[in-house]
Structures are given as structure tokens and as C-alpha cells.
Amino acid sequence: MPELVLQLTRAGFLALLWLFVLVALRVVRSDLYAASGLRAVLPGGGRVTARSGRSRTPRQLIVTQGPLAGTRITLDARPILIGRADDSTLKLDDDYASTRHARISRQGEEWYVEDLGSTNGTYLDRAKVTGPTRVPLGAPVRIGKTVIELRS
């Protein structure tokens with residue numbers, strides 16, 4: 001009987017070890033998949049239209065809270081990538097931010113925030129972002145310890 005218990009314990013330990021390896025590979029695969037999906041072309045992202053006398057269109061992305069507070073990024077037709085990756089537009093040094101955390105992109109005249117499968121989530125005005133969500137002017141977007149806003 002003790003020999004059977006020892007063999008079952010060994011088999012259980014081996015199964016747990018393989019489960020850990022498979023979960024680790026899944027995490028690495030999801031990070032690589034998110035990195036390759038960044039070059040997708042968004043509808044309406046290639047056009048820039050100029051309007052005179054309109055002050056309600058966002059022109060800047062401003063970091064209002066966090067280690068990069070005061071940072072300003074001028075908005076144009078290109079999407080803004082946010083995360084810990086070196087090629088991010090807004091590179092965060094935050095334990096709560098993923099490598100490819102979020103993207104803020106223009107679709108028509110509106111700006112949208114999209115979570116890129118981050119671990120800790122992206123929040124727009126205390127609501128968790130689950131898909132592309134329109135970002136109103138001045139609404140706080142929280143990514144880890146960093147809060148950003150679109151301003152005119």
C-alpha cells in the first residue's frame with residue numbers, strides 16, 4: 001500500500017509540474033501574439049481632417065497622475081501605444097502595467113481606448129474597459145498607477 005501512495009504522489013507532482021509549464025507557455029504566447037497584433041490598421045485612422053475654430057477636439061494626451069505626471073503627447077492620426085515595451089509611445093515603468101497594455105486610437109473624429117489583454121486592466125472613469133471605448137475630453141484613463149487624460 002505505501003508503494004501505491006508513493007507512485008500516486010509522484011504522478012500528481014509530475015502532473016502539477018506540467019500544468020505549470022503549460023500555463024507559463026500560454027502567458028508567453030499571449031504576450032507574443034499581442035506584440036504582433038500592434039500593426040493592425042484601424043478604420044479611419046489614416047485621415048486627418050483640420051477644422052478651424054473648434055476647441056473641443058483633443059489635441060494632447062496628458063499624464064495627470066503617476067511617475068510621469070506632466071508628460072504631454074501631441075495627438076495626430078497615429079495610435080498611441082501604452083505599456084512597458086521599449087517601442088511604446090508612452091513607456092510606463094509600472095509593475096501594474098503590461099508590456100502591451102493599451103492603445104488609444106482615432107476613429108473618425110473620436111478617440112477610443114482599447115485594452116490589449118493586460119493582466120490588471122484599463123479603466124475609463126472607474127469602469128473597466130472591455131472593448132474599444134470612446135474617450136470623452138477630460139475623462140481619466142487609469143493604467144496601473146498612471147492616469148492620463150485627453151485635452152484640447
Side-chain angles (χ1 to χ4, degrees), residues 13-152:
F13 180 71
L14 187 61
L16 283 175
L17 188 62
W18 274 107
L19 181 66
F20 173 76
V21 168
L22 292 175
V23 167
L25 287 174
R26 182 177 176 214
V27 168
V28 169
R29 183 180 157 264
S30 69
D31 279 351
L32 290 175
Y33 179 73
S36 67
L38 288 176
R39 290 167 184 86
V41 177
L42 296 174
R47 254 182 217 188
V48 178
T49 56
R51 291 188 180 189
S52 59
R54 232 180 123 152
S55 63
R56 300 304 300 166
T57 58
R59 292 195 175 109
Q60 290 184 335
L61 181 137
I62 300 176
V63 179
T64 58
Q65 293 178 18
L68 297 173
T71 303
R72 295 172 183 264
I73 297 173
T74 303
L75 299 175
D76 55 14
R78 293 175 293 178
I80 296 175
L81 303 172
I82 304 168
R84 292 185 311 186
D86 290 331
D87 62 342
S88 296
T89 310
L90 182 60
K91 185 176 184 269
L92 302 178
D93 187 22
D94 188 344
D95 292 336
Y96 299 105
S98 298
T99 305
R100 306 271 189 236
H101 196 98
R103 172 177 39 225
I104 296 179
S105 58
R106 184 175 178 175
Q107 294 180 6
E109 292 296 316
E110 303 291 333
W111 286 88
Y112 289 82
V113 64
E114 179 181 4
D115 189 85
L116 298 175
S118 66
T119 305
N120 294 314
T122 303
Y123 294 87
L124 174 65
D125 229 1
R126 296 186 191 168
K128 189 169 186 173
V129 174
T130 56
T133 307
R134 189 178 76 79
V135 181
L137 201 61
V141 176
R142 179 175 296 276
I143 296 171
K145 299 175 186 174
T146 304
V147 179
I148 59 177
E149 292 180 10
L150 296 179
R151 299 222 179 127
S152 57

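Note that the structure is predicted; figures quoted are calculated from it, not measured. Nothing fancy with the numbering, it's 1 onward along the sequence.
- Contact record, Tyr112 with Pro132: CD2-C, 4.1 Å, taken as the closest heavy-atom pair.
- Going from atom CD1 of Ile143 over to atom CD1 of Ile82 covers 4.0 Å, rounded to the nearest 0.5 Å.
- When all heavy atoms of Asp95 and Asn120 are compared, the pair lying nearest together is O-ND2, 4.4 Å.
- Taking CZ of Arg100 as the start and CG of Asp115 as the end, the distance is 14.0 Å to the nearest 0.5 Å.
- Considering all non-hydrogen atoms of both residues, Thr57 and Glu109 come closest at CG2-OE1, 4.4 Å.
- Panel note: side chain His101, backbone Gly121; a donor-acceptor pair is recorded below 3.5 Å.
- With respect to the salt-bridge test (charged N to carboxylate O, under 4.0 angstrom), the residues Asp86 and Lys91 qualify.
- Of the candidates Leu116, Val113, Thr130, Ile104, Val113 is the only one forming a side chain to side chain contact (heavy atoms under 4.5 Å, CB included) with Thr122.
- More than 12 heavy atoms of other shown residues, nucleotides or ligands fall within 6.0 angstrom of atom CG in Asp125.
- A 4.5 Å side-chain heavy-atom check between Thr146 and Val63 finds at least one atom pair inside the cut-off.
- Considering all non-hydrogen atoms of both residues, Pro58 and Trp111 come closest at CG-CD1, 3.7 Å.
- Considering every non-hydrogen atom in both Val141 and Val135, the closest pair reads CG2-CG1, 4.1 Å.
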